[in-house]
Amino acid sequence: MTQATTQVIMPQLGESVTEGTIARWLKQPGEEVRRFEPLVEVVTDKVTAEVPAPAGGVLEAILVPEGETVRVGTPIATLRGAEATAAVSAAGGGPGEAARAEPAPAAAPEAGASPGTQAAPAGGEGADGLHPWRGRYSPVVRRLAREHGIDLDSLRGTGAHGRVTREDVLAALERRKEEATAGLRSEATAGTEAQAAPAPVPQAPAAAPAAQAAPGGDRLVPLDPIRRTMARRMVEAKQTIPHAWTMVEVDVTGLARLRERVQEEFRRREGFELTFLPFMLEAVARALGDFPMLNATWTEEGVLLHQAVHLGIAVAADSGLVVPVIRNADALSLVGLARAARQLAEKARAGRLALEDVQGGTFTVDNTGATGSVLSYPIINPPQVAIITMERVVKRPVVVETADGEGLAVRSMMNVCLSIDHRVIDGALAGRFLAAVRRRLEGYRPEQEFL
């Protein structure tokens, strides 16, 4: 079969992504690469992903070093001895695609090897019965293992040459959860139930750069690719979008009592705690149906109004802020929204969000109250035209109407903040939308059923 030199290009990791940053090369020049084996870790403003090799061969040259940002379609490496039929055109721009160069003369096969075959690692298995590639783990695998306290040496790898893959780690996590859940069911108290999910081992963010000493005892922490990309996106958002901001106070006393009443039953049925977030997601999803101008994206041709409501939820992961998307949120029940938010948050913190998890958001909800915040000014996630935050629920005295007129009562209050793109939304429309969200949140009653 004809051999060739194959160019690996920067893939388009998302529909609106135009560039990517090389976070880490998983192979070095001269190393053998199998087709579809992870080759390089790429960071964009939407996702961090391992890009697979488009064909088998040997990594001939790295054209873009770690930390450098290039546009989609830029050649980032070359593979020598790759099968020419495996390379594909760069026209599609999808992950792992490559542009094929002219076939190069076939290299002379090594003694004992037949042409067109890939040589196995020298020596085959070691004296201990393990493959020589056994201890070489990708950054994602190392991060997952570190966060969840998994001993990688205890896992049996299913990847090439016995390599432990991300799927092997996730399978080990699933087995551990199943074992924990089995033990949980034998306990009598709900307090024991809360311990079923394994707690992440506190660690510094994976790939976090080491601090450098500076004069006077100060420390300089270099920017990693994720932080650098986030910084650039935030600057672009503030420079190109004319932000406006508004806030309303919401009396969520009925909602707080409802949540307190059903908490134990919900935890027993679902296996996790019911927070205020699903109620906020439901209120926003329903309100967006009545205010389509906020469920939109900005384009130079006009404002694109979306039929479906795809809610992004801001999640603080070790690697930085990510915004996975709950699709068709307006069609989900409150319990369905709780499950979807929980699953996406777990995937985000474990570093295993897929491309489809972060694409297509039409509106973003941020739970800044989880950090204790009572007031915030969120930055819009372009090309969306608005973002909303729910702040911490606090009890405080409030003037309320009574049978005798007015009086003071202790109520559970929450601030809800909204940032809007003033090119699309004016203050009056923003106010009506916030009023609709407030009515829905204040409409929950302690006695209502939804489980």
Side-chain angles (χ1 to χ4, degrees), residues 243-259 274-297 303 305-314 323 325-338 340-341 361-371 373-381 384-394 396 398 400 411-422 424-446 448 450:
H243 281 61
W245 179 89
T246 185
M247 183 207 80
V248 294
E249 290 184 312
V250 183
D251 186 341
V252 293
T253 304
L255 168 55
R257 291 172 180 170
L258 168 62
R259 173 176 170 267
L274 177 63
T275 68
F276 288 101
L277 178 60
F279 297 94
M280 182 68 174
L281 293 173
E282 184 180 53
V284 169
R286 303 293 183 266
L288 286 174
D290 298 328
F291 295 89
M293 190 61 76
L294 282 91
N295 190 50
T297 51
V303 179
L305 305 183
H306 300 288
Q307 291 293 321
V309 176
H310 300 322
L311 289 184
I313 53 172
V323 187
V325 177
I326 300 177
R327 302 196 174 280
N328 300 303
D330 54 332
L332 296 178
S333 67
L334 191 141
V335 175
L337 289 167
T362 60
F363 189 94
T364 298
V365 177
D366 194 357
N367 182 15
T368 44
T371 65
S373 168
V374 295
L375 197 64
S376 62
Y377 181 8
I379 300 176
I380 296 169
N381 184 21
Q384 296 172 23
V385 298
I387 179 173
I388 200 169
T389 69
M390 52 183 295
E391 306 296 329
R392 182 183 178 187
V393 176
V394 296
R396 57 184 177 84
V398 177
V400 297
R411 309 292 289 178
S412 295
M413 304 297 294
M414 179 176 72
N415 294 329
V416 174
C417 310
L418 178 72
S419 290
I420 57 171
D421 184 337
H422 224 326
V424 180
I425 304 163
D426 58 25
L429 180 59
R432 292 200 299 273
F433 172 75
L434 274 180
V437 172
R438 181 177 59 195
R439 282 195 301 271
R440 292 178 184 277
L441 290 173
E442 291 183 343
Y444 289 105
R445 294 291 177 263
Q448 75 181 72
F450 65 87

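Note that this is a predicted model, so its numbers are computed, not measured.
- The distance from the CD1 atom of Ile326 to the CG atom of Leu281 is 5.0 Å, given to the nearest 0.5 Å.
- Heavy-atom minimum distance, Glu391 versus Thr389: OE2-OG1, 2.7 Å.
- Between Asn381 and Ile387 the shortest side-chain heavy-atom distance does not fall below 4.5 Å.
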Mind running side chain to side chain contact (heavy atoms under 4.5 Å, CB included) on Met390 and Leu441 for me, showing each step along the way?
CA-CA 11 Å; Met390 52 183 295; Leu441 290 173; over 6 Å; no
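- Residue-environment remark: CZ (Arg286) exceeds the threshold of 12 foreign heavy atoms within 6.0 Å.
- No donor-acceptor distance shorter than 3.5 angstrom exists from the side chain of Glu249 to the backbone of Met413, with no hydrogens or angles considered.
- Within the 4.5 Å cutoff, no side-chain heavy atoms of Arg440 are placed close to those of Glu282.
- Under the side chain to side chain contact (heavy atoms under 4.5 Å, CB included) criterion, Ala285 pairs with Val309, Leu311, Ala329, Asp330, not counting sequence neighbours.
- Residues Met280 and Asn367 form no side-chain contact, since every pair of their non-hydrogen atoms from C-beta on lies 4.5 Å or further apart.
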Can you list the steps and then say if Phe279 with Val252 is a side chain to side chain contact (heavy atoms under 4.5 Å, CB included)?
CA-CA 10 Å; Phe279 297 94; Val252 293; over 6 Å; no
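- Smallest separation of non-hydrogen atoms from Ala244 and His422: CB-CD2, 3.5 Å.
- Remark: Glu442 engages Val250, Asp251, Arg438 in a side chain to side chain contact (heavy atoms under 4.5 Å, CB included) (not counting sequence neighbours).
- In terms of the side chain to side chain contact (heavy atoms under 4.5 Å, CB included) criterion, residue partners of Leu305 (sequence neighbours excluded) are, by chain and number, Met293, Ala296, Val303.
- Between Arg439 atom CZ and Leu434 atom CG the span is 11.0 Å, to the nearest 0.5 Å.
- Judged purely by atom type and a 3.5 angstrom limit, Thr253 uses its side chain to pair as donor or acceptor with the backbone of Ser412.
- Checking side-chain atoms of Asn295 against main-chain N and O of His306 turns up a donor-acceptor pair under 3.5 Å.
- In this structure the side chain of Trp245 reaches within 4.5 angstrom of the side chain of Cys417, judged on heavy atoms.
- Atom CG of residue Leu334 and atom CG of residue Leu274 lie 7.0 Å apart, to the nearest 0.5 angstrom.
- Within the model, atoms CZ of Arg432 and CD1 of Ile425 stand 11.5 Å from one another, a figure rounded to the nearest 0.5 Å.
- A distance of 11.0 Å separates CD in Gln384 from CG in Asp421, rounded to the nearest 0.5 Å.
- Under the 4.5 Å side-chain criterion, counting only non-hydrogen atoms from C-beta, Ile420 is not in contact with Thr246.
- Taking every heavy atom of both residues into account, Ser376 and Pro378 meet most closely at O-CD, 3.5 Å.
- A side-chain donor-acceptor contact under 3.5 Å links His243 to the backbone of Ile380.
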Run the numbers on His310 and Asn328 for side chain to side chain contact (heavy atoms under 4.5 Å, CB included), then give the verdict.
CA-CA 5 Å; His310 300 322; Asn328 300 303; 3.5 Å; yes
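- Residues Phe276 and Ala256 share a closest heavy-atom pair of CE2-CA, 4.0 Å.
- At least one side-chain heavy atom of Ile388 sits less than 4.5 Å from a side-chain heavy atom of Phe433.
- In terms of heavy-atom proximity, Val385 sits nearest to Leu294 at CG2-O, 3.7 Å.
- Here the CG atom belonging to Leu332 is positioned 5.0 Å from the CG atom belonging to Leu337, to the nearest 0.5 angstrom.
- The shortest non-hydrogen separation linking Leu277 to Ala341 is CD2-CB, 4.2 Å.
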